[in-house]
Undergrad: 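The structure under discussion is supplied below as structure tokens; questions concerning it will follow.
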Amino acid sequence: MWTYEKKLQYPVKIKTPNPAMAKLIITQLGGPDGEMGATTRYMNQRYTMPYAIGKAVLTDIATEEMAHQEMIAAIVYQLTRNLTPEQIKEGGFDAYFVDHTTGIYPQSAAGNPFTAAALQSKGDAITDLFEDLAADGAWSGAQLKTANECIRAPFGCPVRVVRPRFAG
């Protein structure tokens, strides 16, 4: 069904660790409107889509969302690799580190683990598409907040490549 290319959709090359930024960006992976939810939402809603072209589009979008998951995980990993104990503490990453070290654990910025409870699927194509639009709209708002924080970061904002359709 898929062909996997062993490279990121957009390269992520962060050289300076920043656990505080990782705490913000991780919500783009496992937060209520993050990429894991988007992938699950689109992939599962395709089954009740009454039109073949709609099923194909939802499958394509779900596949793209998986690529976004991979990029966000790479960003979080690169922001947290080789941290010193001082950086962990100063960046407020110590609570996360106690449970996960620098493993990628999908959660919101508030520390709530990813849950399917934030998703909805009614089996009605129109209702499901509206839910998708609402989640994407919420995500773009979260992305804007994260991007504003990234502007002040020394490495720029790697998250801006994840949803280019919201740019400009």
Undergrad: About how many Å separate CG of L119 and OH of Y42, when rounded to the nearest 0.5 Å?
TA: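 Here the interatomic distance stands at 11.5 Å.
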
Undergrad: Could you tell me the separation between the CZ atom of R46 and the CD1 atom of I61, rounded to the nearest 0.5 Å?
TA: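 Between R46 CZ and I61 CD1, I get 12.0 Å after rounding to 0.5 Å.
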
Undergrad: Can you name the nearest heavy-atom pair linking P106 to M36, along with the distance?
TA: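 Scanning both residues, the minimum pair turns out to be CB-SD, 3.1 Å.
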
Undergrad: Could you pull out all residues at least two apart from E131 that satisfy side-chain contact (heavy atoms from CB on, under 4.5 Å)?
TA: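 Residues passing side-chain contact (heavy atoms from CB on, under 4.5 Å) with E131: R41, Q45, Q120.
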
Undergrad: Given the rule in the side chain to side chain contact (heavy atoms under 4.5 Å, CB included) test, do T102 and N82 qualify, once you have shown the distances and angles that lead to the verdict?
TA: CA-CA 9 Å; T102 56; N82 302 322; over 6 Å; no

Undergrad: So how far is it from I75 CD1 to T80 OG1, rounded to the nearest 0.5 Å?
TA: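 Interatomic distance, I75 CD1 to T80 OG1, rounded to 0.5 Å: 11.5 Å.
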
Undergrad: Carefully, step by step, assess D99 and Y105 under the rule side chain to side chain contact (heavy atoms under 4.5 Å, CB included).
TA: CA-CA 9 Å; D99 291 332; Y105 180 75; over 6 Å; no

Undergrad: When you look at M71 and Y10, which way does the side chain to side chain contact (heavy atoms under 4.5 Å, CB included) test go after all the steps?
TA: CA-CA 7 Å; M71 286 186 294; Y10 294 96; 3.7 Å; yes

Undergrad: First locate atom CG of L8, then atom NZ of K13, and finally report the distance between them rounded to the nearest 0.5 Å.
TA: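 Rounded to the nearest 0.5 Å, the CG-NZ separation comes to 10.0 Å.
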
Undergrad: Apply side chain to side chain contact (heavy atoms under 4.5 Å, CB included) to residues H68 and Q9 and explain how you reach the verdict.
TA: CA-CA 8 Å; H68 295 171; Q9 186 178 10; 3.7 Å; yes

Undergrad: Does anything in residues 77-88 form a salt bridge (Lys or Arg N to Asp or Glu O under 4.0 Å)? List the pairs, not counting sequence neighbours.
TA: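 Salt bridge (Lys or Arg N to Asp or Glu O under 4.0 Å) check on residues 77-88 returns no pairs.
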
Undergrad: Could you grab the distance from atom OG1 of T48 to atom NZ of K55, nearest 0.5 Å is fine?
TA: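 Spacing of OG1 (T48) from NZ (K55) equals 8.5 Å.
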
Undergrad: Kindly give the heavy-atom pair with the smallest separation between K15 and P17, and that separation in Å.
TA: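 Closest heavy-atom pair between K15 and P17: O-CD, 3.6 Å.
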
Undergrad: Specify the closest pair of heavy atoms between M43 and A62, including all atoms of both residues, with the distance to one decimal.
TA: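 M43 and A62 have their closest heavy atoms at CE-CB, 3.5 Å.
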
Undergrad: Locate the shortest heavy-atom distance separating F93 from A22; write the atom from each residue and the value.
TA: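 The pair with the smallest heavy-atom distance is CE1-CB, 4.3 Å.
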
Undergrad: Knowing that exactly one of T27, V12, I26, I25 qualifies, which makes a side chain to side chain contact (heavy atoms under 4.5 Å, CB included) with I72?
TA: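 Filter result, single survivor: I25.
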
Undergrad: What's the shortest heavy-atom distance between Q78 and I14, and which atoms?
TA: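 Closest approach of Q78 to I14: OE1-N, 2.7 Å.
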
Undergrad: Using the side-chain contact (heavy atoms from CB on, under 4.5 Å) criterion, which residues pair with I104? Sequence neighbours excluded.
TA: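 With sequence neighbours excluded, I104 shows a side-chain contact (heavy atoms from CB on, under 4.5 Å) to L29, A73, V76, Y77, given in chain and number order.
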
Undergrad: Nearest 0.5 Å, please: how far is CD in E70 from NZ in K7?
TA: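 Those atoms lie 11.5 Å apart.
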
Undergrad: Looking only at non-hydrogen atoms, find the nearest pair between P19 and L83 and report the distance.
TA: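 Of all heavy-atom pairs spanning P19 and L83, the closest is CD-CD2, 3.8 Å.
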
Undergrad: Counting N and O atoms only, with roles assigned by atom type, does the side chain of N18 sit under 3.5 Å from a partner on the main chain of L79, one being a donor and the other an acceptor?
TA: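 No; zero donor-acceptor contacts below 3.5 Å.
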
Undergrad: Is there a chain of hydrophobic side chains (I, L, V, M, F, W, Y, each step under 4.5 Å between heavy atoms) that links Y51 to L58?
TA: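 Same hydrophobic cluster.
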
